[in-house]
Amino acid sequence: MIESSNTNISVLIITLNEENQMQALLADLDFADEIIVVDSFSTDKTEAICKSFPKVKFFQNTFKNYPAQRNYAISLAQNDWILFLDADERLTPELKSEILETTQQKTTSIAFQFRRKFMFKHKVLHFSGCQNDKIFRLFHKGFATYATEKLVHEKLITNGKTAVFKNKLIHYSYPNYGSYKAKIIRYGELKAQEKFMQNDFPSILFQYLHPAYNFLFNYIVRLGFLDGKKGITICYLNAYSVFIRYKRLRILKMTLN
């Protein structure tokens, strides 16, 4: 049972060139006791927008990888309860209420996973592998930290009981084809670095079969075909990220010779 005298919430956000998202996100965080933005030296208007909100504490830190950036943000927080949000995520009124009710009462859980509703060009993506998505977003900082060995799709290491919130987080992950393709290429390259560091070099056959399997699994088994054209797009791009992973890994492996 957590009986912290500090029930305040620190909202943490890591950013890079998020001028299109920050105004809407920050305007909706009136309930937060502290808002910390850790920016990777954006070249757009991200900094100016953040500093226009009096409650926001704006920091800049060189980006090494996602867990390092998130752990750095946690180190800046003054409150016990951490709510991590990405710039393209939005809270519903029902989810806000659930968050506040949880942090203000005694609870046996130290971390909470959020289910997410994915949006593709402002329309809901129902399938394509998104339907089972859950991610840690709220946790007590005394009992959780991000694993440093995973460079992307970072893993929160928890020391205690966890739970899942009832209400969903809205995720505008796919605003358009170009922006999502750029994101998944970055993810693929980071995943390649992660495998390189772990000395994990799958066979050439596996490297070519894995992208195909990824597409077919998401499109058929996870019912991506029911999402129509947007399902084809998302399943293709996710498979392309796997392809980029192994392409980059082969380049990195050449440096060992």
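- Under 4.0 Å is where a charged nitrogen must lie from a carboxylate oxygen, and between K168 and E94 no such pair does.
- Under the 4.0 Å criterion applied to side-chain N and carboxylate O atoms, E154 and R70 are assigned as salt-bridge partners.
- Expressed to the nearest 0.5 Å, how far CZ of F41 lies from CG of L16 amounts to 11.0 Å.
- Both the sub-6.0 Å distance and the 45° axial angle are satisfied by K253 relative to the ring of F201.
- With sequence neighbours excluded, the residues forming a side chain to side chain contact (heavy atoms under 4.5 Å, CB included) with Q113 are K134, F136, V164, listed by chain and number.
- A heavy-atom distance below 4.5 Å is found between the side chains of E89 and R137.
- Rounding to the nearest 0.5 Å places CD of E18 at 6.5 Å from OG1 of T46.
- Residues K51 and K57 fail the side-chain proximity criterion, which asks for heavy atoms closer than 4.5 Å.
- Between T233 and Y177, some side-chain heavy-atom pair lies under the 4.5 Å cut-off.
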Inset, instruction - Please test D88 against K183 for salt bridge (charged side-chain N to carboxylate O under 4.0 Å, His left out), starting from the C-alpha separation and ending with a verdict. - result: CA-CA 12 Å; D88 57 5; K183 179 188 290 188; 3.2 Å; yes
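- Defined by atom type and a distance below 3.5 Å, a donor-acceptor pair is present between the side-chain atoms of D227 and S128.
- Checking Q193 against R248 by side-chain atom types alone, no donor-acceptor pair falls below 3.5 Å.
- Side-chain contact between Y246 and I204 is absent, with no heavy-atom pair separated by less than 4.5 Å.
- The shortest side-chain heavy-atom distance between T255 and F196 falls under the 4.5 Å cut-off.
- Checked for salt-bridge contact, D80 and K141 miss the test: no charged N lies under 4.0 Å from a carboxylate O.
- To the nearest 0.5 Å, atom OG of residue S10 and atom CG of residue D33 are 7.5 Å apart.
- The pair E189-R186 does not meet the salt-bridge criterion, since no charged nitrogen lies less than 4.0 angstrom from a carboxylate oxygen.
- In this structure the side chain of L12 never reaches within 4.5 angstrom of the side chain of L83, judged on heavy atoms.
- One distance of note links CZ of R115 with CG of N132; it measures 9.5 Å at 0.5 Å rounding.
- For the residue pair E34 and N8, no side-chain donor N or O sits within less than 3.5 Å of a side-chain acceptor on the partner.
- Checked against a 6.0 Å centroid threshold, the rings of F127 and F118 do not count as neighbours.
- How far NZ of K117 is from CD1 of I170: 4.5 Å, rounded to the nearest 0.5 Å.
- Side-chain polar atoms of Q60 and S40 form no donor-acceptor pair below 3.5 angstrom.
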Distance-only criterion, 3.5 Å: show the donor-acceptor pairs between side-chain atoms of residues 21-32 and protein atoms not counting sequence neighbours.
{"residue": "Q21", "atom": "OE1", "partner": "R90", "partner atom": "NH2", "Å": "2.7"}
{"residue": "D28", "atom": "OD1", "partner": "K96", "partner atom": "NZ", "Å": "2.7"}

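- The shortest side-chain heavy-atom distance between I74 and Y146 falls under the 4.5 Å cut-off.
- Between Y236 and Y240, the ring planes are parallel. Angles under 30° get that label, and only those over 60° would be called perpendicular.
- Side chain to side chain, T15 and D39 meet the donor-acceptor criterion of an N or O pair below 3.5 Å.
- Contact record, V11 with L85: CG1-CD1, 4.1 Å, taken as the closest heavy-atom pair.
- Atoms NE2 and OG1, on H140 and T7 in that order, are 10.0 Å from each other to the nearest 0.5 Å.
- Closest heavy-atom contact between K166 and E98: N-OE2, 2.8 Å.
- A ring pair (Phe, Tyr, Trp, His ring centres under 6.0 Å) with F215 is found for exactly one of Y219, Y213, F217, namely Y219.
- The shortest distance between side-chain heavy atoms of L95 and F114 falls below 4.5 Å.
- In terms of heavy-atom proximity, L151 sits nearest to P67 at O-CD, 3.8 Å.
- The closest side-chain donor-acceptor pair between S241 and N238, if any, does not fall under 3.5 angstrom.
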